[in-house]
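Encoded as structure tokens, the structure appears first; notes follow it.
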Amino acid sequence: MYDGEWRPPASAYQPYGQPAPGYEQPERPKGPNRTAIWIAVAAAVLVLILVAAFVNTLRNRNTNSASGLPTSAPAGPLVPAPSSPSSPNGSGGGNGGSGGGAAPIPTVACPLIRDDESHISYRCIDNYLVQGQSDTLLGLRISLDHEVEPGWVISEGSGNPKSIITPPNNSVGFRRGPSSTSPTPGVGSSPPVAVPAAQQVIDEVHRRTNIALQQAYGANPTSKTLSGAGRSISGVQGYVLQTEVTMNPIFRAAAHLKAKTERLWVVGLPTKAGISIFMMSIPDERSDLWPKADATINAITVF
């Protein structure tokens, strides 16, 4: 008789959550727990993020503490490391510059080069020359070159002792020249201008030549002076030194070079920048350009 409450048969009734008689609990699959796997993956990702952040912090700290010098191969005969010249708007001095608000390195192109910081302009001896990065070893703010064989180039460029981030340690101090005055004495007169003495110009030209011989021609080159004399250029008395460099045969063989000799011209000019330098090097593979060197030097303009 139904009394209002249904109960299952006694043989089938089991407390809630207990298996019925004869029922076997299936064995849980063996192997790693899925939750544990996800926890391990998340932990590994977190560790990678922390390591990347730490490395980035160190990199920024090293960058900020560095001098900002570009990494460059010796200019002149050796091919400089590829780089893009700075735009006229500047790139923060990445290719050089004197720091402290100096003008950025301009983008220049043949046939006419203008170096505003060194206050000279000049023509390319060969219009195939292309601007590369500044030569911080020789102190050339503007440097151009053209490869004549793998690892060897024609080069041309300009600079002055204060035109790059690390000027030569022995940059000279100049004597003080007379001040320019306005028509009305004492009104609008400018301070005395630093004027390099003639001997200072000569010494700087010889110093730059010696640096080039030490750094740009491999081990143990030999050299001889072809000419060295004062010359009036653009109405300014400068000094021109021409040197013939002979590469060491062992160096040439190791570098697989065809060039045996090279002519190097270094020109020093007293300008508003101090002693401005023009340099040009031409290997014997382009000896056809040697006769044009004097005309190129004579066409330099000081402004």
Side-chain angles (χ1 to χ4, degrees), residues 72-91 95-97 103-135 138-150 152-160 163-164 205 208 212 216 226-227 231-236 238-243 259 262-273 275-303:
S72 63
L78 300 183
V79 178
S83 70
S84 298
S86 300
S87 66
N89 294 328
S91 61
N95 283 339
I105 300 169
T107 298
V108 297
C110 292
L112 183 64
I113 307 301
R114 181 181 175 91
D115 185 345
D116 288 321
E117 195 167 84
S118 296
H119 296 280
I120 61 174
S121 63
Y122 46 92
R123 303 194 69 83
C124 297
I125 194 165
D126 190 298
N127 287 340
Y128 287 109
L129 296 175
V130 177
Q131 184 177 14
Q133 64 185 128
S134 294
D135 185 340
L138 301 182
L140 298 181
R141 178 172 179 258
I142 293 177
S143 181
L144 306 101
D145 58 66
H146 173 63
E147 189 174 66
V148 295
E149 64 171 301
W152 211 256
V153 299
I154 299 171
S155 66
E156 185 175 324
S158 59
N160 63 78
S163 67
I164 54 176
V205 168
R208 296 296 185 101
L226 298 182
S227 62
R231 184 182 302 186
S232 179
I233 299 172
S234 187
V236 174
Y239 185 80
V240 181
L241 181 63
Q242 182 186 357
T243 305
E262 178 158 298
R263 292 192 179 180
L264 171 67
W265 290 261
V266 181
V267 181
L269 293 164
T271 68
K272 296 176 184 178
I275 301 176
S276 294
I277 293 292
F278 170 83
M279 297 181 74
M280 181 167 56
S281 61
I282 307 173
D284 52 12
E285 293 171 280
R286 290 303 312 272
S287 58
D288 60 298
L289 295 177
W290 289 351
K292 295 176 58 177
D294 274 344
T296 301
I297 292 171
N298 290 335
I300 295 173
T301 301
V302 178
F303 55 87

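Bear in mind that the values here come from a model prediction, so they are computed numbers and not experimental data.
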Residue pair V153 / E147, side-chain heavy-atom distance below 4.5 Å
yes

Inter-residue atom distance R141.CZ - D115.CG, 0.5 Å rounding
5.5 Å

Give a yes or no answer on whether the side chain of S234 reaches the backbone of V236 with a donor-acceptor pair at less than 3.5 Å.
no

Locate the shortest heavy-atom distance separating A259 from E285; write the atom from each residue and the value.
CB-OE1, 3.5 Å

Which atom pairs, one a donor and one an acceptor, fall under 3.5 Å between side chains of residues 293-303 and the rest of the protein, sequence neighbours left out?
| unit_1 | atom_1 | unit_2 | atom_2 | d |
| --- | --- | --- | --- | --- |
| D294 | OD1 | R231 | NH2 | 3.4 |
| T296 | OG1 | K292 | O | 3.0 |
| N298 | OD1 | R231 | NH1 | 3.0 |
| N298 | ND2 | D294 | O | 3.2 |

Flag for W152-E262: side-chain donor and acceptor within less than 3.5 Å
yes

Main-chain N/O of L129 paired with E156 side-chain donor or acceptor, under 3.5 Å
no

Output all residues satisfying side-chain contact (heavy atoms from CB on, under 4.5 Å) with R263, sequence neighbours left out; order by chain, then residue number.
L226, Q242, E244, W265, W290

Does the side chain of I120 reach to within under 4.5 Å of the side chain of I233, using non-hydrogen atoms?
no

Let me confirm one number: the CD1-CG distance from I142 to D135, rounded to the nearest 0.5 Å.
13.0 Å

Do the non-hydrogen side-chain atoms of I113 and C124 ever get within less than 4.5 Å of each other?
yes

Taking the side chain as every heavy atom from C-beta outward, state whether M279 and L264 have any pair of such atoms under 4.5 Å apart.
yes

Can you tell if the side chain of M280 reaches within under 4.5 Å of the side chain of Y122, non-hydrogen atoms only?
no

Which distance, rounded to the nearest 0.5 Å, do you find between the CZ of R208 and the CG of L140?
6.5 Å

Within the side chain of S276, is there an N or O that forms a donor-acceptor pair under 3.5 Å with the backbone of S118?
yes

I'd like to check the side-chain contact (heavy atoms from CB on, under 4.5 Å) partners of P111; sequence neighbours left out, ordered by chain and number.
R123, N127

Heavy-atom side-chain proximity of P283 to V148 below 4.5 angstrom:
yes

Quick one: are S158 and H119 in side-chain contact, heavy atoms under 4.5 Å?
no

